[in-house]
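Report on one structure; see the data block that follows.
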Amino acid sequence: MAILDILSFPDPRLRIEASPVVVFDSALQRLIGDMKETMYAEGGIGLAATQVNEHRQLLVMDVSETRDQFRVFINPELTFASGSETCEEGCLSVPGVYAEVSRASEIGVRAQNPDGSYFEVTLTGLDAVCLQHEMDHLKGK
Ligand code: K1U
Ligand code: ZN
């Protein structure tokens with residue numbers, strides 16, 4: 001695995017909208033492993049492929065304090081969003097800046113695993129906040 005360079009604001013490549021993942025091959029598994037290593041090395045709770053200049057709909061997360069609940073979401077789609085909460089968010093692409101952002105407090109997500117199989121999950125709390133933050137990156141926001 002390798003630690004990848006993270007794009008920093010205002011790099012215009014952060015504005016590129018990610019394309020769906022269609023091939024679930026060994027190169028994708030390598031990218032997932034590299035993103036995992038990069039997220040942990042940088043102390044992040046999430047990382048979107050956009051941030052490492054890979055414009056594919058792929059994000060990784062681990063919001064646990066024990067740093068042992070690694071999750072991968074490929075081609076994520078929200079199936080519902082409800083409620084609202086405001087959270088202070090950081091961003092590995094905007095180091096040192098924190099901002100209050102309002103997000104849905106409960107979301108349903110349909111996504112694919114690294115092997116291409118589908119799963120659905122309901123997220124709340126920091127999981128929901130982080131997933132929405134990473135999906136914004138995939139949209140070039
Ligand atoms: O996508 C990114 O830039 C990663 C970002 C994700 C994120 C942080 C806070 C709220 C929503 C999404 C980070 O992980 S920045 C680091 C950070 O803020 C943090 C690190 C450890 C614990 C809690 C927050
Ligand atoms: Zn970010």
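Model, not experiment: these values are computed from the prediction. Every number for a ligand or one of its atoms is a count from 1 in the order of the listing.
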### Task
Please examine the side chains of L28 and L58, heavy atoms only from C-beta on, and report whether any two atoms are closer than 4.5 Å.
yes
### Task
Give a yes or no on whether F80 atom CZ has more than 12 heavy-atom contacts from other residues, nucleotides or ligands under 6.0 Å away.
yes
### Query
Step by step, would you call E100 with T86 a side-chain hydrogen bond (donor to acceptor under 3.5 Å, both in side chains)?
CA-CA 6 Å; E100 295 277 334; T86 301; 5.3 Å; no
### Query
Just which atoms of ligand 1 are under 4.0 Å from any heavy atom in G43?
20 (C), 21 (C)
### Task
Mind listing the protein N/O/S atoms less than 2.8 Å away from the Zn ion (ligand 2)? Waters don't count.
C91 SG, H133 NE2, H137 NE2
#### Entry: Per-atom contacts of ligand 1 with C91, taking only distances under 4.0 Å to non-hydrogen atoms
3 (O), 15 (S)
### Donor-acceptor contact present, side-chain E77 to main-chain R110, <3.5 Å
no
### Query
Within a strict 4.5 Å, meaning less than it, do heavy atoms of the V52 and D34 side chains meet?
no
### Query
Do any N/O atoms on L92 end up under 3.5 angstrom from N/O atoms on ligand 1?
yes
## Note on the structure
Those residues at least two apart in sequence (or on a different chain) that pass side-chain hydrogen bond (donor to acceptor under 3.5 Å, both in side chains) with S105 are none
### Query
How far apart are the closest heavy atoms of Y40 and Q69, and which atoms are they?
OH-N, 4.5 Å
#### Entry: Minimum non-hydrogen distance to atom 18 (O) of ligand 1, winning option of G90, A99, C87, A48
G90
### Task
Please examine the side chains of L47 and L4, heavy atoms only from C-beta on, and report whether any two atoms are closer than 4.5 Å.
no
### Query
Just wondering, are more than 12 heavy atoms of other shown residues or ligands nearer than 6.0 Å to CG in D5?
no
### Query
Would you say E89 and ligand 1 have an N/O pair spaced under 3.5 Å apart?
no
### Query
Would you say ligand 1 has an N or O under 3.5 Å from any N or O of S93?
no
### Summary
At under 4.0 Å between heavy atoms, what of E134 touches ligand 1? The answer is side chain
### Query
What pair of heavy atoms forms the shortest contact from L7 to S93, and how long is it?
O-OG, 2.8 Å
### Query
Which residue from A128, S64, P95, G46 reaches closest to atom 4 (C) of ligand 1 through any of its heavy atoms?
G46
### Summary
For G44, the ligand 1 atoms with a heavy-atom partner under 4.0 Å come out as 14 (O)
### Query
Do any N/O atoms on I45 end up under 3.5 angstrom from N/O atoms on ligand 1?
yes
### Query
For ligand 1, is Q51 a contact, meaning one of its heavy atoms is under 4.0 Å away?
yes
